[in-house]
Amino acid sequence: MIRNDIAEVVRQGIAAAQESGSLPAFEIPTVEIGRPKDPKHGDYAASIAMQLAKPARMAPLAIAQAITAHLPAHPALGEAQVLPPGFINFRLSDAWLAGQVAEIEASGGQYGDIDLGRGRTCQVEFISANPTGQLHMGSARNAVLGDSLGNLLAAAGWQVQREYYVNDAGTQTRTFAETVLLRYKQALGLDAPLDKQHYQGADVIDLAREIVAEYGDRFLHMPEEEAITELREIGLAKVLAGIRQTVERLRIHFDCWYSEASLYEPGGRFEHVLNHLRNINMTTHRDGAEWLLTSEMGSDRDEVIVRSTGQPGYYASDIAYHYDKFVLRGFDRVIDVWAVDHQNQARRMPYLMKALGLDPQRLDILLYDIVRLYRDGQEVKLSKRSGNVITIDEVVDEVGVDAVRFLLLTRSNQAVMDFDLNLAVAQKDENRAFYVQYAHARMASILRKAAERGFPAARWAGGNPDLLRHPAELTLLRKMADLSEVIERAVLDLAPHNLAFYAQDLAKLFHAFYRDCRVLPGREDDGAAEDAAAPETEVTAELSAARLRLVAATKSVFARVLGLLGVNAPESM
RNA sequence: GCCCCCAUAGCGCAGCGGAUAGCGCGUCUGACUUCGGAUCAGAAGGUCGCAGGUUCGAAUCCUGCUGGGGGUACCA
């Protein structure tokens, strides 16, 4: 990453200045390189001179000048500029920027990739919604965040595994199974009213009808408990199949669907972990329950691991599941994607990790805020149990996968997201995804047109990128050179939205290039105005070839960025 | 009560302790005989919730306050 190069150049400059006596001796702090907002200030800036004023006991401006006089040369950089109150500004050289065209071509579609992960494994666990109903819009944000984060981690050198944790244990599935049985009876014409706690949604009615069609009335002729047990399996499997379809529609692929219930099988992971914790004296008995001694790990309280009823406590699954992830499966790192209503649970996870003898740093929780749905200005409250649900499928039917994915990535994780289901409003926002895709389609169109006019890739592939010196060309190249920094930011902050905003910026710069720089030779030049500020109307064959290479390179960067977002990069629209 | 998050242009939102705080929508004015007008250019629009503090420098960090959202069980 060029920014790291610059930091090193500055560090060497300081050291050299110290050696020559221009700067006094002091320990050189980490050199931070920033990005000036004003292009007049160059591409990168070091503010180190201001920070050194105190240790060096010199005026910042004098320090900056001393450093600058001793900077080693770097092929990507022009001459550094010192500006008050003490900034050292760097500008990327035009030649280096033009050289990025070849870099992009040579990257094999991986331009911007970095190596933070260094091949280590990282599991991203996301969605993990209860399999007691279709995926609704509340899970959509989770789905898109987790998947895009997975893409970004892979681009950052991590070996990524995507996992869906199927919550098929506990009271929710029991309630669900009871609901299935009641609806099943109703489907067979019996009077079987639902209680308040049961799932009121119509999807269970359909489910029950399916079961009647497949299995007939056999569940009426067995003890109720037995029927519930069987219907639980059948119902969960059917719901899960539907969830898998929705997930596929969102273009998400899970490497593993992990069953919570499997933790509790006899001799399973839960027993294993519980025994382990007992052996290391991390549990104690109190008030008839068995507690995990997280207070000894710095928590303000212990957590129940086995309730006085003998049932596993709330955190039992988390304990066994994360033990499985880190110890048994050996992931170097795990990221759980959770909605903000799990914040308390998230805060307790580090203590669970410590109790398990694991480094809490290996676990990150990506907490994101809720999606609030509106229709005609009124908030629509979602609740699976009340049956008031807006499914992902419904919304995808209306606005499409690309718009849904893109839109959900245009907010920072902590921001509450208002999603208006009114089609007119949705289309306005949907436009943001189209805007970026349009840029890609336009590039594809230019390349097609070039071939149609007898200028196929074979004829421009040898074009000379050094001819790219127009400000619009260089600005576009500058932005593309930023990609690795954007990926780094997104990965370090677990914040994929950075990439969505980057995509829009890049699209804007491409459109500006398109406006200012003619790529293909005009059909004919009938002597248009020679206003220097006006867009070019004529272009030489050599320049055209260079620009076609730039367009093709830009197109591949767009495809990369859209791919990381999980959005299609269309050849035409 | 205690804890977490949020507050930036009319609306929706970006903004990594740096230089003149940005983007989209909306509003107003412009741009198609030539590569896709689903586009582009320009204009108007701001006490960055309030008050202190730290710093050479604060929308950004700290404290307090106001307003909004969420969390605080042997439940999931």
Side-chain angles (χ1 to χ4, degrees), chain A residues 32-38 40-41 45-47 49-51 53-54 59-60 83-87 89 130 167 169-173 175 286-291 300 302-309 311-317 339-347 367 369-370 372 410-418 420 425 428-432 434-435 437-439 441-450 452-453 485 488-489 492-493 497-498 500-501 504-505 507-508 511-512 514-526 528 535 537-539 544 547-548 551 572-573:
Chain A
E32 302 284 350
I33 300 296
R35 309 298 304 266
K37 279 189 280 261
D38 189 336
K40 279 203 298 284
H41 295 137
S47 56
M50 273 90 87
Q51 295 158 43
K54 209 172 269 179
L83 257 74
F87 288 104
N89 294 332
N130 288 345
N167 299 116
T171 56
Q172 286 309 311
T173 53
T175 307
R286 193 193 311 146
D287 306 330
E290 186 166 2
W291 301 72
D300 55 352
D302 295 325
E303 309 295 348
V304 169
I305 188 162
V306 182
R307 289 192 262 159
S308 52
T309 61
Q311 296 293 307
Y314 175 32
Y315 286 99
S317 294
V340 71
D341 54 325
H342 292 78
Q343 58 179 266
N344 188 54
Q345 190 180 356
R347 201 169 45 230
L367 279 186
D369 218 308
I370 53 164
R372 263 196 311 232
T410 54
R411 299 282 189 289
S412 58
N413 301 335
Q414 302 85 340
V416 175
M417 166 144 210
D418 293 331
D420 200 315
V425 180
K428 246 179 5 194
D429 294 325
E430 181 182 14
N431 202 32
R432 303 317 307 156
F434 280 158
Y435 179 76
Q437 292 180 305
Y438 180 69
R442 184 176 247 179
M443 288 176 245
S445 170
I446 292 171
L447 298 176
R448 270 197 306 273
K449 190 81 70 180
E452 280 167 24
R453 295 194 190 169
E485 284 177 42
E488 183 189 59
R489 166 71 35 78
L492 292 178
D493 296 352
H497 77 277
N498 283 286
F501 285 93
Q504 295 178 69
D505 292 345
K508 193 175 172 67
H511 288 308
Y514 175 84
R515 178 192 71 238
D516 292 340
C517 299
R518 176 120 202 129
V519 177
L520 302 177
R523 264 182 250 259
E524 263 171 59
D525 183 27
D526 41 7
T537 56
E538 186 56 16
V539 60
S544 183
R547 285 180 175 167
L548 281 162
V551 168
S572 65
M573 297 173 70

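Chain naming here is simple, since letters A, B, ... match the order of the sequence lines and numbering starts at 1 in each.
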### Query
Under the criteria of a ring-centre distance below 5.5 Å and an interplanar angle below 30°, is Phe87(A) stacked with the base of rA19(B)?
yes
### Query
How does RNA chain B look in dot-bracket notation if pairs are Watson-Crick or G-U with both distances under 3.5 Å, crossing ones as [ ], other-strand ones as |?
(((((((..((((....[...)))).(((((.......))))).....(((((..]....))))))))))))....
Please write out each protein N/O paired with an N/O of nucleotides 74-76 of chain B under 3.5 Å, distance rounded to 0.1 Å.
unit_1, atom_1, unit_2, atom_2, d
rC74(B), O2, Ser308(A), N, 2.8
rC74(B), O2, Ser308(A), OG, 3.2
rC74(B), N3, Ser308(A), OG, 2.9
rC74(B), N4, Asp287(A), O, 2.6
rC75(B), OP1, Arg307(A), NE, 3.2
rC75(B), OP1, Tyr314(A), N, 3.4
rA76(B), OP1, Arg307(A), NH2, 2.3
rA76(B), N6, Tyr314(A), OH, 3.1
rA76(B), N1, Tyr314(A), OH, 2.8

#### Entry: Gap in Å between the two P atoms, one belonging to rA7(B) and one to rG17(B), rounded
15 Å
## Note on the structure
Interatomic distance, CD1@Ile446(A) vs CZ@Arg547(A), rounded to 0.5 Å, equals 11.0 Å
### Message
Would you measure the distance from the C1' atom in rC62(B) across to the matching atom in rC25(B) and give it in whole Å?
### Response
36 Å
### Message
I'd like the P distance from rU8(B) over to rC61(B), given in whole Å.
### Response
16 Å
### Query
Which atoms form the tightest heavy-atom contact between Arg442(A) and His511(A), and what is the distance?
NH1-ND1, 2.9 Å
## Note on the structure
Closest non-hydrogen contact found for Ala289(A) with Val304(A) is CB-CG1, 4.4 Å
#### Entry: Under 4.0 Å protein heavy-atom contact, by nucleotide of nucleotides 57-63 of chain B - B base, S sugar-phosphate only
-------
### Query
Would you say a side-chain N or O of Arg442(A) is under 4.0 Å from OP1 or OP2 of rU39(B)?
no
### Query
With a centroid cutoff of 5.5 Å and a plane-angle limit of 30°, would you call His41(A) stacked on rA19(B)?
yes
### Task
Quote, to the nearest angstrom, the P distance that separates rC4(B) from rG10(B).
31 Å
### Task
Pick the P atom in rA21(B) and in rC16(B), then give their distance to the nearest Å.
15 Å
#### Entry: Side-chain N or O of Arg518(A) closer than 4.0 Å to phosphate OP1/OP2 of rC35(B)
no
### Query
Hey, does the side-chain of Lys449(A) have a donor or acceptor N/O within less than 3.5 Å of a partner on the base of rU34(B)?
no
